[in-house]
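Please read the structure below before turning to the comments.
Computed from a predicted model, the values in this text were never measured in an experiment.
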Amino acid sequence: MESVLLFLLGIVVIVVGIGVSIGLHELGHLTAAKIFGVKVTQYMIGFGNTLWSRKKGETEYGVKSLPIGGYIAMIGMFPPGPDGEQPRRGRLAQLIDSARQSSAETVPQGEEHRAFYAAAPWKRIIIMFAGPFANLVIAIVVIGIITVGVGVPSSIPVVDSVSQCLKPATSTSTTCTDDDPVAPAALAGLKAGDRIVSVDGHAIGNDFEKASNLIGDAAGKQISVVVRRDGHDVTLSMKPVLSSKTITDDQGHEKTVQAGVVGFAFAQGYVRQPVSSVPSAVGTQLSQTTGVFLNLPNRMVQVWNAAFGTQARDANGPVGLIGVGRLAGDIASNTTTPLIARLEWLLSIIAALNISLFVFNLVPLLPLDGGHILGALWEQGKRWFFAIFRRGRKPKHVDMARLLPLTFGVVSVLIAMELLLAYADLVKPISAG
């Protein structure tokens, strides 16, 4: 019963995290629009039927039944067509004209200057960028909480285990023989749980690498190691033996080197990082997420092959809302994992979701924010061109309504992708393990 409750708790945490992320995304759009005088008639979390709403001023705030996104409704999203233009034939042409008409109907008489299309291009860019930017801020805050507050998984200067003998790194044997030399650490009386305070007079702090390097450089030399045991400092004396050991270089590759060893293993823990490490952590997440989106067609083919074939699901591949919830439930209910590790996992999911929302919404296709940003950039470019080469003439607004056929195509692809991910998450979910 406890595991079920923890599973549900994990799902609730992620649902709330997604809801807050969507809400703040739309709040970013709303705030920028109101600052620039664009009229916003609705601020909604979700789609479908309205569950609750309340009007404050000129804006209706509410929650809808399908929590798969959100939106704000600004008046005049599309500019009107040219005056005197005759209705055109053809399904696509009628669709464009209908969108223009619907957009025009949202603009009350006398408030044309408050329409979205009437705002300067740079204002429209800020309005549309404010939503993804809110997700980026959320990600930065959450990643900061993880790295600075919780800490990142790392070895720490605490003894996890002590070997009774020394064996080279290339050895596969785990049993000591009479031919194996006694480990200096065991000979000196080092015990599991000891925290290394200093090595040969050099304070260690929380830097396990410093302790490892000092020991590694002291082969054949008698050194003193001060450890904290049961609240008291204990001084031990040992002589590292030159032997082979496995280390991990700066690129994350393992290699075998000759260095002084004493025969103990460092424990794993969480090490808090300085605030200065947050930008690089965010940059790494952005780079990885952008790489996933750039390679999305191939990733979706892999999801298809996994869902309908025998191919294994890529643990680093795309995942849908069902998969995210299931993953969060698995993490929260895994009582064999320390609470701090589960907390970090859940926070990492929320950070990754917001990084994904930031990158995804900046894709320059309608109906995404990036599509509107591209349209505003194009219009600004036209204005600069006219200012330089056609002085005295003002360019027309970029008619984004003409891109509606492409918009419907993009929406259809997005729906198909989400359905495929939902199916894959049900039949072949990604495991937290």
Side-chain angles (χ1 to χ4, degrees), residues 18-47 59 64 66-79 99 103 106 114-140 282 285-286 289-290 292-294 296 318 321 350-381 397-415 417-418:
I18 293 174
V20 170
S21 300
I22 293 172
L24 292 178
H25 175 103
E26 299 305 332
L27 185 62
H29 289 313
L30 176 73
T31 303
K34 287 185 175 290
I35 288 174
F36 294 130
V38 176
K39 186 174 182 178
V40 182
T41 57
Q42 283 188 318
Y43 168 93
M44 291 289 169
I45 305 301
F47 296 97
T59 306
K64 291 183 174 286
L66 298 176
I68 54 175
Y71 68 92
I72 65 168
M74 295 179 283
I75 66 171
M77 288 298 296
F78 300 123
S103 175
T106 66
R114 299 190 64 193
F116 176 73
Y117 73 82
W122 66 270
K123 293 182 179 180
R124 278 180 272 155
I125 291 171
I126 292 176
I127 291 171
M128 300 315 296
F129 182 74
F133 181 71
N135 294 121
L136 179 61
V137 171
I138 295 171
I140 292 172
V282 174
Q285 282 256 34
L286 278 171
T289 303
T290 302
V292 170
F293 278 105
L294 290 176
L296 193 57
L321 291 176
I350 294 174
L353 282 171
N354 278 278
I355 290 288
S356 296
L357 286 171
F358 173 75
V359 174
F360 177 67
N361 276 286
L362 290 181
V363 173
L365 292 172
L366 289 176
L368 303 175
D369 299 329
H372 291 285
I373 291 173
L374 181 63
L377 286 171
W378 179 250
E379 184 168 323
Q380 185 60 63
H397 292 291
V398 172
D399 190 0
M400 299 298 288
R402 291 182 178 273
L403 297 178
L404 276 177
L406 175 62
T407 301
F408 279 96
V410 173
V411 171
S412 298
V413 170
L414 293 178
I415 292 174
M417 286 171 52
E418 183 56 40

Parallel under 30°, tilted from 30 to 60°, perpendicular over 60°: which one fits the rings of His397 and Tyr117? perpendicular
Go through Lys39 and Met74 one step at a time and tell me if the side-chain contact (heavy atoms from CB on, under 4.5 Å) criterion holds. CA-CA 6 Å; Lys39 186 174 182 178; Met74 295 179 283; over 6 Å; no
Sub-4.5 Å side-chain heavy-atom contact between Tyr71 and Lys64: yes
Measure the spacing between CG of Leu136 and CG of Leu286 and express it to the nearest 0.5 Å. 6.0 Å
How far apart are the C-alpha atoms of Val20 and Ile350, what are their side-chain angles, what is the distance that settles it, and do they pass the side-chain contact (heavy atoms from CB on, under 4.5 Å) test? CA-CA 10 Å; Val20 170; Ile350 294 174; over 6 Å; no
Of all heavy-atom pairs linking Pro132 and Asn361, the shortest is CG-CB, 3.8 Å
Where do Phe36 and Ile127 come nearest, in terms of heavy atoms and distance? CD1-CG1, 3.9 Å
Taking atom CZ of Phe293 as the centre, does the number of heavy atoms from other residues, nucleotides or ligands within less than 6.0 Å exceed 12? yes
Taking all non-hydrogen atoms of both residues, which atom of Phe360 and which atom of Leu368 are closest, and how far apart? O-CD1, 3.4 Å
Checking the side chain of Tyr43 only, and the main-chain atoms of Gly23 only, is there a donor and an acceptor separated by less than 3.5 Å? yes
Considering all heavy atoms of both residues, which atom of Gly76 and which atom of Ala115 are nearest to each other, and what is their separation? CA-CB, 3.9 Å
Here the gap from Leu374 atom CG to Asp369 atom CG, rounded to the nearest 0.5 Å, amounts to 12.5 Å
Determine whether a donor-acceptor pair (N or O, by modelled atom type, separation under 3.5 Å) exists between the side chain of Thr407 and the backbone of Pro367. no
Tell me if a side-chain donor or acceptor on Thr106 pairs with a main-chain N or O of Ser103 at a distance below 3.5 Å. yes
How far does CG of Leu377 sit from CD1 of Ile373, to the nearest 0.5 angstrom? 7.5 Å
Would you check if Leu366 and Val410 make a side-chain contact, meaning some heavy-atom pair closer than 4.5 Å? no
Heavy atoms, side chains only, cut-off 4.5 Å: are Ile415 and Glu418 in contact? no
Spacing of CE belonging to Met77 relative to CZ belonging to Arg124, to within rounding of 0.5 Å: 9.5 Å
Taking all non-hydrogen atoms of both residues, which atom of Ala376 and which atom of Pro121 are closest, and how far apart? O-CB, 3.4 Å
With sequence neighbours excluded, residues passing side-chain hydrogen bond (donor to acceptor under 3.5 Å, both in side chains) with Gln285: none
Donor-acceptor pair, distance only, cut-off 3.5 Å: does the side chain of Glu379 make one with the backbone of Val398? yes
Do Leu357 and Ile138 have side chains that approach each other closer than 4.5 Å (heavy atoms only, starting at C-beta)? no
Nearest 0.5 Å please: distance from the CG atom of Asn354 over to the CG atom of Leu24. 8.5 Å
Looking at CE of Met128 and CZ of Phe116, how far apart are the two atoms once the value is rounded to the nearest 0.5 Å? 5.0 Å
Would you check if the side chain of Thr289 reaches a backbone N or O of Ser356 as a donor-acceptor pair within less than 3.5 Å? no
Determine yes or no for a side-chain-to-main-chain donor-acceptor pair under 3.5 angstrom, with Thr59 supplying the side chain and Val40 the backbone. yes
